[in-house]
Colleague: 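Submitted below is the structure of interest, expressed as structure tokens.
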Amino acid sequence: MKYGFFDDDNREYVINNPQTPWPWINYLGNEDFFSLISNTAGGYSFYKDAKFRRLTRYRYNNVPMDNGGRYFYINDNNTIWSPGWKPVKTPLDKYECRHGLSYTRITGAKNGLEAEVLFFVPLKSWCEVQKMKLTNSSSETKKIKLFSFQEWCLWNAEDDQNNLQRNFSTGEVEVDGSTLYHKTEYKERRNHYAFYHVNEAIQGFDTDRESFVGLYNEYSEPQAVLEGKPRNSHAHGWSPVASHYLEIELKAGESKELVFVLGYVENDDNDKWESKNVINKTKAKALIQRFDTSAKVNAAFDELQSYWNQLLSVYTVKSGDEKLDRMVNIWNQYQCMVTFNMSRSASFFEVGIGRGMGFRDSNQDLIGFVHQIPERARERIIDIASTQFEDGGAYHQYQPLTKRGNDAIGGNFNDDPLWLILSTTDYIKETGDFSLLDEIVPFDNDENNAKSHFEHLKASFYHVVNNLGPHGLPLIGRADWNDCLNLNCFSTNPNESFQTTENQSGGSAESLMIAGLFVMYGREYVQLCRQIGKETEAEAAQVHVDNMVQAVIKDGWDGDWYLRAYDFYGKKVGSAENEEGKIFIESQGWCSMAEIGREAGLVEKALDSVKEHLDCDYGIVLNNPAFTRYVVEYGEISTYPAGYKENAGIFCHNNPWIIIGETMLGRGDQAWEYYKKICPSYLESISDLHKTEPYVYAQMISGKDAFKPGEAKNSWLTGTAAWNFYAVSRYILGVRPQYDGLLVDPCIPKGWKGFEVVRKFRGATFKIKVANPRSVNKGVAKISVDGKLLDTNLIPVMPEGVYNVDVVLG
Ligand code: BGC
Ligand code: NOJ
């Protein structure tokens, strides 16, 4: 069943039934100010950091679901309704939510009145703009009462919900004409406040929640709205809110536009006050002035559209398959940009408090957006590397506001360092900018202990070399990419987190996933050394890579697939010998991509085993058979019920590793089958089962062992976005940046007649036309640039200009 449709021309997903199987959300903002918005206008806003600068309050896991947001209430002759259906839930004559690129447009209509609200965060602005258009399409004059509403968060989203003994006494507001200010804690240690404004004289307001809603009422039935009367309340402590009240008269056929602005301001310490206890509003007024007419708002909206036009013009495909095209051209790239902004911090599954920017996550995310925003990718790499330790190890995350590493969600994950080699080499291949390697970058944010970025990569590489186990394979540490394979943890206390609790020492748990990863990015490191003339280092490093290949072949092969690990006691994990968890996806993916033992048929055999044991209707599960009992020496993985999350769920993040592995073997039909199984646009028609948004990937789909297979969870913030874009754009469609040019090496289903990709690369635009006259999967028979034949399938770096590239497979 569907709840809407794709409008590709407008790059929107249009929801026409508000009761989606889960709130279907969108993100507003691209730089400093961000909002989450659901299809019924639920969600919240924050400045830079969802934990430390939360502007509006949101209660996760509430009943009913998704309760709280930027809400409008219309009281039209005592019929009360909201344009987004919620919170009032009065049945509407029309409902539509268009989620577009960094904007959402929600339209509701009732009894001849239509309210259309456009929500977006203008570029370079610390505010969310809400432009409302009211149209009276009835034949009578209407006198309506309009209430806006948002609830303030007392800035620190964590403290806001647990320190009530203090927080119920701290709230402070100011009211100035049509602007409602929130200034809690401004008088002491904060230099920031927020405001909510409307560009029209108001006839009343509320700033105190209890006065507006009523202590025992709900958002769906605020006392003030029911009675059609604002209270003009001033909050002192308790829960400050912002609600405007407007009386509006609309003649038959008449329309009216209003602009609401939710803004954030920072003042210098010596410039905080206008007079005693009265905040300095100069910056707020300037911000308001930038968006105080519909014309100004429209211009800002056009700018936002151009921004996206430019971002999405770097890679486009025309394949003849609209589901593929809309993912590659619009939604997958859009999701990659959202993961750039959010990492894993704030979604409808991530509460914005627990996790900041992940070291491994942010490095991997980068391969999904580096072509769109290379300068910002460069800055991101430096931010991440600045939190690294001198021995190459890493904090697992940092907070975006402070950019300082912390171990709030653990540390000592031995895969972490290697991802820095991936992000850095990928950035250089995209841009040709080797100067990044010479940047002086601190360790652990200590400016007194800084070395070149190249030295950080070297530290990453040797962190593995210096932490090998008894089989010469990498020690796993707390865990590797699979956060839940906690082989040194042995937790029997439900009050401790698997991610942060002290690990036991003395064990020798090794990871085949890191082994494959090391061979892949170890080779990248070697190649990079060669590129910059560090021959001796390249040779030395190559020895370690070769040794790892041998170690995998000798002690990492189980007979039909690659082992997953050795546990604390040196026993095999992911072996036919095991009762449960005989085979795992991660080591098949990484050792296949690294082509370890390919000549001896290992890669082919491993991928055939994946097909046989891990593949199912909804994608490739993580392990099989699922664990049905708690294995204390394996950790969190075996705590999940069978078929969910890391215990045999379909982790969409690592399906593309297998897809890439398949393309390396030239098995384009298989790669494509796997791609389609988890690609959201192909799942739109089963939205009622799939549950999460049909326009973005989810982290996980329940696997074949689950009670209910096929149900997705944790949409939006997942490395799945980057890896799937990487797999489809670079390995299936096969257009891949290299240090010296653009490689064209597609691996497609035999049935495809061809496709076209337009790729901007280092200033040049390549219009690549691929034909497949012999119905092959892979292999470039002929390639020409502007009619001139090339003798390899690497298009060299070219001067600015547009080039026609013709490729014939066969
Ligand atoms: C989840 C993992 C996640 C980890 C983060 C675990 O509970 O299953 O997917 O990476 O928490 O700390
Ligand atoms: C989600 C985490 O963000 C990511 O870092 C991890 O690799 C996967 N879960 C798998 O556990």
Side-chain angles (χ1 to χ4, degrees), residues 335 338-340 342-347 349-368 384 394-398 406-420 422-423 476-487 489 491 494 496-501 503 511 513-514 516-517 564-565 584-587 589-590 620-623 626-627 630 634-657 697-703 706 712-724:
Q335 189 180 358
V338 171
T339 62
F340 162 68
M342 301 286 140
S343 192
R344 304 297 170 269
S345 69
S347 73
F349 298 88
E350 301 281 6
V351 298
I353 294 174
R355 306 212 271 162
M357 317 296 284
F359 191 97
R360 81 154 78 91
D361 293 334
S362 293
N363 276 309
Q364 290 174 78
D365 289 347
L366 195 130
I367 62 175
I384 300 171
Y395 285 112
H396 205 41
Q397 72 154 16
Y398 67 95
N406 65 64
D407 41 28
I409 59 152
N412 217 9
F413 297 85
N414 281 348
D415 64 313
D416 269 338
L418 290 172
W419 302 108
L420 189 64
L422 165 67
S423 61
I476 197 167
R478 182 176 296 277
D480 58 25
W481 171 89
N482 188 335
D483 275 331
C484 300
L485 196 60
N486 315 114
L487 299 182
C489 185
S491 179
E496 66 193 15
S497 146
F498 286 96
Q499 306 298 322
T500 52
T501 193
N503 273 201
S511 160
M513 185 262 165
I514 305 183
L517 193 70
R564 177 61 177 88
F584 282 71
I585 194 171
E586 304 98 325
S587 45
W590 284 98
I620 311 168
V621 300
L622 192 144
N623 56 294
F627 295 102
Y630 178 48
Y634 288 3
E636 187 172 358
I637 187 167
S638 58
T639 66
Y640 283 114
Y644 296 96
K645 290 281 279 179
E646 277 87 344
N647 185 15
I650 295 156
F651 243 85
C652 299
H653 187 144
N654 44 35
N655 278 232
W657 300 342
Y697 284 94
Q699 178 205 49
M700 197 272 307
I701 301 171
S702 48
K713 290 193 184 103
N714 304 359
S715 56
W716 282 98
L717 303 186
T718 160
T720 309
W723 275 103
N724 276 284

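In listed order, ligands and their atoms are each counted from 1. Note: hydrogens, waters and symmetry copies are ignored here, and every other heavy atom, side chains too, is used.
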Colleague: Tell me, which protein residue and heavy-atom name are nearest atom 5 (C) of ligand 1, and how many Å apart are they?
Modeller: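 Checked against all protein heavy atoms, atom 5 (C) of ligand 1 sits closest to Arg355 NH1, 3.5 Å.
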Colleague: Tell me, please: is Gln699 in heavy-atom contact with ligand 1, that is, under 4.0 Å?
Modeller: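 Under 4.0 Å: yes for Gln699.
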Colleague: Return the closest protein heavy atom for atom 7 (O) of ligand 1 as residue, atom name and distance.
Modeller: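 Here the nearest protein heavy atom works out to Glu636 OE2, 2.6 Å.
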Colleague: Side chain or backbone, does Asp483 bring an N or O within less than 3.5 Å of an N or O on ligand 2?
Modeller: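 Checking ligand 2 against Asp483, an N or O pair does fall under 3.5 Å apart.
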Colleague: Please could you name the atoms of ligand 2 that Arg360 approaches to less than 4.0 Å, counting only its heavy atoms?
Modeller: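 Result: 4 (C), 5 (O), 6 (C), 7 (O).
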Colleague: Answer yes if the side chains of Gln699 and Thr718 hold a donor-acceptor pair under 3.5 Å, and no otherwise.
Modeller: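 Per modelled atom types, Gln699 and Thr718 side chains form no pair under 3.5 Å.
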Colleague: Without swapping roles, check the side chain of Asp415 against the backbone of Ile514 for a donor-acceptor pair under 3.5 Å.
Modeller: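 Absent.
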Colleague: So which protein heavy atom does atom 3 (O) of ligand 2 come closest to, and at what separation?
Modeller: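 Of every protein heavy atom, Asp361 OD2, 2.9 Å lies nearest to atom 3 (O) of ligand 2.
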Colleague: Looking only at the side chains, is there a donor atom on one of His396 and Asp416 sitting less than 3.5 Å from an acceptor on the other?
Modeller: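 Judged by distance alone, the side chains do pair up.
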Colleague: Is a donor on one side and an acceptor on the other found under 3.5 Å between the side chain of Arg360 and the backbone of Asp480?
Modeller: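 Yes, the answer is positive, given that a donor and an acceptor are paired below the 3.5 Å cut-off.
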Colleague: Among protein heavy atoms, which lies nearest atom 10 (O) of ligand 1, and at what distance?
Modeller: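 Its nearest protein heavy-atom neighbour is Asp483 OD2, 2.5 Å.
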Colleague: Quick test: of every protein heavy atom, which one is nearest to atom 2 (C) of ligand 1, and how far off is it to 0.1 Å?
Modeller: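 Checked against all protein heavy atoms, atom 2 (C) of ligand 1 sits closest to Glu646 OE2, 3.0 Å.
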Colleague: For Lys645, take its heavy atoms, then give the atoms of ligand 1 lying under 4.0 Å from any of them.
Modeller: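 Close to Lys645: 1 (C), 2 (C), 8 (O), 9 (O).
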Colleague: Salt bridge check: are Asp365 and Arg344 linked by an N-O gap of less than 4.0 Å?
Modeller: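 Looking at Arg344 together with Asp365, the answer is yes, because their closest N to O distance falls below 4.0 Å.
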Colleague: I want to know whether Phe359 and Tyr395 have ring centres closer than 6.0 Å.
Modeller: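 Ring centroids of Phe359 and Tyr395 are no less than 6.0 Å from each other.
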Colleague: Is the distance between the ring centroids of Trp419 and Phe413 under 6.0 Å?
Modeller: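 No.
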Colleague: Pick, from Tyr640, Phe413, Trp481, the option with the minimum heavy-atom distance to atom 1 (C) of ligand 1.
Modeller: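 Ranked by closest heavy atom to atom 1 (C) of ligand 1, first place is Tyr640.
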Colleague: Counting only heavy atoms closer than 4.0 Å, does ligand 1 sit against the backbone of Phe498, its side chain, both, or neither?
Modeller: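 Neither; no heavy atom under 4.0 Å.
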Colleague: For the backbone of Met342 and the side chain of Ser345, can you confirm whether one donor and one acceptor N or O come within less than 3.5 Å of each other?
Modeller: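 At least one qualifying donor-acceptor pair exists.
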Colleague: Find all atoms of ligand 2 within a distance of less than 4.0 Å from any non-hydrogen atom belonging to Arg355, and give their numbers and elements.
Modeller: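 So the answer, numbered in order with elements, is 2 (C), 3 (O).
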Colleague: Assess, by modelled atom type and distance only, whether the side chains of Gln364 and Trp723 contain a donor and an acceptor separated by less than 3.5 Å.
Modeller: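 Yes, because at least one side-chain N or O of Gln364 sits under 3.5 Å from a partner of the opposite role on Trp723.
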Colleague: Give the atoms of ligand 2, by number and element, whose distance to some non-hydrogen atom of Asn482 is under 4.0 Å.
Modeller: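 Counting from 1, the qualifying ligand atoms are 11 (O).
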Colleague: Measure from atom 10 (C) of ligand 2 to every heavy atom in Met700, Gln699, His653, Glu646 and give the option owning the shortest one.
Modeller: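 Nearest option to atom 10 (C) of ligand 2, by heavy atoms: Glu646.
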Colleague: Do Met513 and Arg564 touch side chain to side chain, with heavy atoms closer than 4.5 Å?
Modeller: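 Yes - at least one pair of side-chain heavy atoms lies under 4.5 Å apart.
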Colleague: Run the contact test for Arg344 against ligand 1 with a 4.0 Å cut-off on heavy atoms, strictly below, and give the result.
Modeller: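 Contact absent.
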Colleague: What's the shortest distance from atom 6 (C) of ligand 2 to any protein heavy atom, and which residue and atom give it?
Modeller: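 Answer for atom 6 (C) of ligand 2: Trp481 O, 3.3 Å.
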Colleague: Under 3.5 Å, is there a donor-acceptor pair between the side chain of Ser497 and the main chain of Gln499?
Modeller: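 Such a contact is found between Ser497 side chain and Gln499 backbone.
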Colleague: Looking only at protein heavy atoms, identify the closest one to atom 12 (O) of ligand 1 and say how far it is in Å.
Modeller: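 Answer, as residue, atom name and distance: Gln499 CG, 3.5 Å.
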